[in-house]
There are 2 protein chains.
Amino acid sequence: MKSSYARALPKAWKGLSKVFTALGDERRQRILLLFEPGEKLNAGQIVAACPLSQSTVSHHLKILREAGVLRSEKAGKEVFFWIDKPRLSEALESVAQYLHEKT
Amino acid sequence: MKSSYARALPKAWKGLSKVFTALGDERRQRILLLFEPGEKLNAGQIVAACPLSQSTVSHHLKILREAGVLRSEKAGKEVFFWIDKPRLSEALESVAQYLHEKT
DNA sequence: AAAACATATCGATAAACTTATATATGTCGA
DNA sequence: TCGACATATATAAGTTTATCGATATGTTTT
């Protein structure tokens, strides 16, 4: 038994933790499922597709962005979002790796 | 843009959703990190390693079990838990797959 | 059968999260 | 510059989740 992590996560897991928390909400999952391959969507498009208020969607987008799941870029008065595929792949991969090696 | 999932998750994602929610809590992540490769731990061992009360740990173990991340087995008066590696691998794999194909 | 033990559940409180309205910030066009 | 627009943030209510102490359930031991 590895009791070393019982009180604090290893540093490498800190970021992962945020990713899973971000993914662990159904509304955020539904937002992610909106994206077509390689597509960028602006906040307005996402708001229009969601049964949630503009500010609520903005809040969820922030969580996804801060977790590194989405990236964003301002273009004029709009902000475009897209899935950070490499980042997300890497996160999943690192857990899969951990599972494989240490479990 | 795939607006079809804006209001309800596809059925295949329902279970995944639970897995990510379960993994999206730092205390639960720390519990998972306790396990050595192939190891089974009983609830008492886990409680002893966590800075949480017995009832709180029991609650988290239930969430992890219901998400399919942990499996459990009663042995006399003890209950042993272990990581459901195939289940977790499959969950991660299916998201990785989705990412790869649909993103 | 009773006592000791391991785990689960209940009930209550506290903390965290989600949500919406209202407002602020920043950008474009007239 | 002023007004319309797109997004973000502040605030506050409502809801969910985490937490603990106490108790219940089930198991072994004496």
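Because only heavy atoms are used, hydrogens play no part in the values below, and waters and symmetry mates are left out as well, while side chains stay in. Quick note on labels: first sequence line is chain A, next is B, and so on, each numbered from 1.
- Summarising the geometry, atom CG belonging to B/Leu99 is positioned 10.0 Å from atom CG belonging to A/Asp84; distances are rounded to the nearest 0.5 Å.
- A distance-only check finds a donor-acceptor pair linking the side chain of A/Arg28 to the backbone of A/Thr21 [under 3.5 Å].
- Remark on DNA chain C: of its neighbouring residues A/Thr21 and A/Lys74, the 5'-side contact belongs to A/Thr21, judged by nearest-heavy-atom nucleotide.
- Side-chain atoms of A/Ser55 and base atoms of C/dT21 include a donor and an acceptor less than 3.5 Å apart.
- Looking at B/Leu61 and B/Ile31, their side chains come closer than 4.5 Å, going by heavy atoms from C-beta outward.
- For A/Arg28 and C/dT19, the CZ to C1' distance is 13 Å, given to the nearest whole Å.
- For A/Lys77, the side-chain atoms get nearest to D/dC5 when compared with the rest of C/dT21, D/dT19, D/dC5.
- Not one side-chain nitrogen or oxygen of B/His59 sits closer than 4.0 Å to the OP1 or OP2 atom of C/dC10.
- In this entry the distance linking CD of B/Gln45 with P of C/dA6 reads 11 Å, nearest Å.
- Counting to the nearest Å, the P atom of D/dA8 and the NE2 atom of A/His60 are 14 Å from each other.
- At distances below 3.5 Å, not a single donor-acceptor pair connects side-chain atoms of B/Glu73 with backbone N or O atoms of B/Phe80.
- Of all nucleotides listed (C/dT27, D/dC20, C/dT18), C/dT18 comes nearest to the side chain of A/Arg27.
- Within the nucleic acid shown, A/Ile63 comes within 4.0 Å of sugar-phosphate atoms alone, with no base atom in reach, counting heavy atoms only.
- Comparing B/Val57 and A/Lys62, the nucleotide of DNA chain D nearest to each residue sits closer to the 5' end for A/Lys62.
- With 3.5 Å as the limit, one finds a donor-acceptor pair spanning the side chains of A/Ser53 and A/Thr56.
- Comparing C/dT7, D/dT28, D/dT7 against the side chain of A/Val79 picks out D/dT7 as the nearest.
- Of all nucleotides listed (C/dT19, D/dA18, D/dT19), C/dT19 comes nearest to the side chain of A/Leu52.
- The CD1 atom of B/Ile46 sits 14 Å away from the C1' atom of C/dA8 (whole-angstrom rounding).
- Nucleotide C/dT19 holds its P atom 7 Å from the CG atom of A/Asp25, rounded to whole Å.
- Straight-line distance from the CG atom of A/Leu61 to the P atom of D/dA6: 16 Å, rounded to whole Å.
- The side chain of B/Ala43 lies closest to C/dA8, out of C/dT18, C/dA8, D/dG26.
- Of the candidate nucleotides D/dT27, D/dT19, C/dT7, D/dT19 has the atom nearest to the side chain of B/Thr56.
- Set against C/dA6, D/dA8, C/dT18, the side chain of A/Phe81 has D/dA8 as its closest nucleotide.
- Summarising the geometry, the separation between CD on A/Glu78 and P on C/dG29 is reported as 11 Å, rounded to the nearest angstrom.
- A distance of 12.0 Å separates CD1 of B/Ile46 from CG of B/Leu52, quoted to the nearest 0.5 Å.
- Put simply, the side chain of A/Gln54 and the base of C/dA20 share no donor and acceptor less than 3.5 Å apart.
- Regarding A/Leu64, its CG atom lies at a distance of 10 Å from the P atom of C/dT18, rounded to whole Å.
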